[in-house]
Amino acid sequence: MAMSDPRVDRRRFLEVSAMAPLMRLGMGRASAETLAEPTVANAAPSTISIAMTVNRRRYELTLDSRMTLLDALREKLGLVGAKKGCDHGQCGACTVHVGGRRILSCLTLAASVAEPVTTIEGLAPQDGTLHPMQQAFIDHDAFQCGYCTPGQIMSAIACVHEGHARADDEIREYMSGNLCRCAAYPNIVAAIKAARSASAPDQSRSKG
Amino acid sequence: MRPFAFQKPDDLGSAIHAYRPGAYYLAGGTTLLDLMKLDVMRPSMVIDINACLRTASRRRARARMCSP
């Protein structure tokens, strides 16, 4: 894949281009520090050390108590599969599993995570085959731009696991926390139905 | 989001003991964290009670199993 070269990926490019105006500012009269958020008198920033298991790997992290699980995954661990759509729990693009249950990682403090986390990166086994739900999304063309897809797939797996994928209406209801601005909804429902049938004996795969 | 002190007590007694004015309890977080991001809620301390809720529900489950 074109994105696999670590030297010139899109993320690195965006980071560098975002830094450029800041650096120019730093060279002039104003320092970049003036852009930092104002300190609050009654509470100092609190740093905490936590241990977290993500995709069967254990991480020891020292982070700001304010950091959400989504930011920790993306900024600290480099797992950028979970997306920051609205950052207010309305779009579902940040959905990951904690202890096998789907949660919105943008509304979860990293410090409060106590159970193993599974992200979209942790679904496929080492042999390169895809998780049945990932394969079903491809087979049924259940996305266009793909931005919401990691969240959709994590939610879809939990939806099947919870037993809420028996009928189309039920799937739509229990997937209603994940928005798709491309409106691929009919194909998402079709993919979930197909994956439900395909993976019926193996629904606990996402656990842990 | 404004800075806050973070505490994660293991049992309900410590959670109650940890409280001081300006502190908020964190359970699910879908309202509290959202409003903190919007600067509506400004806790000086967040007390995460998920760990003690787990302990409490385990204790309840044990009590149910032990009761005749």
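Just so you know, these numbers come straight off a predicted model, no measurement behind them. Protein chains get the first letters and strands the later ones, always in sequence-line order, with residue 1 at the start of each.
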Contacting moiety of [X], where chain B heavy atoms sit under 4.5 Å:
| X | result |
| --- | --- |
| T108(A) | backbone |
| L109(A) | both |
| T47(A) | neither |
| D64(A) | neither |

- Item | Toward chain A, the part of L26(B) with a non-hydrogen atom under 4.5 Å |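 The answer is the side chain of L26(B).
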- Message: Which atoms of D48(B) are under 4.5 Å from chain A, going by heavy atoms: the side chain, the backbone, both sets, or neither?
- Response: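 Interface part for D48(B): side chain.
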For [Y], is there an ion pair with [X] - N to carboxylate O distance below 4.0 angstrom?
| X | Y | result |
| --- | --- | --- |
| K84(A) | D71(A) | yes |
| R101(A) | E115(A) | yes |
| R172(A) | E170(A) | no |

- Message: Do T95(A) and R102(A) pair up side chain to side chain, a donor and an acceptor below 3.5 Å, judged on atom types alone?
- Response: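 The answer is no; no qualifying pair exists.
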- Message: If we count only N and O atoms by modelled type, under 3.5 Å, do the side chains of H88(A) and D34(B) hold a donor and an acceptor together?
- Response: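 Yes - a donor-acceptor pair under 3.5 Å links their side chains.
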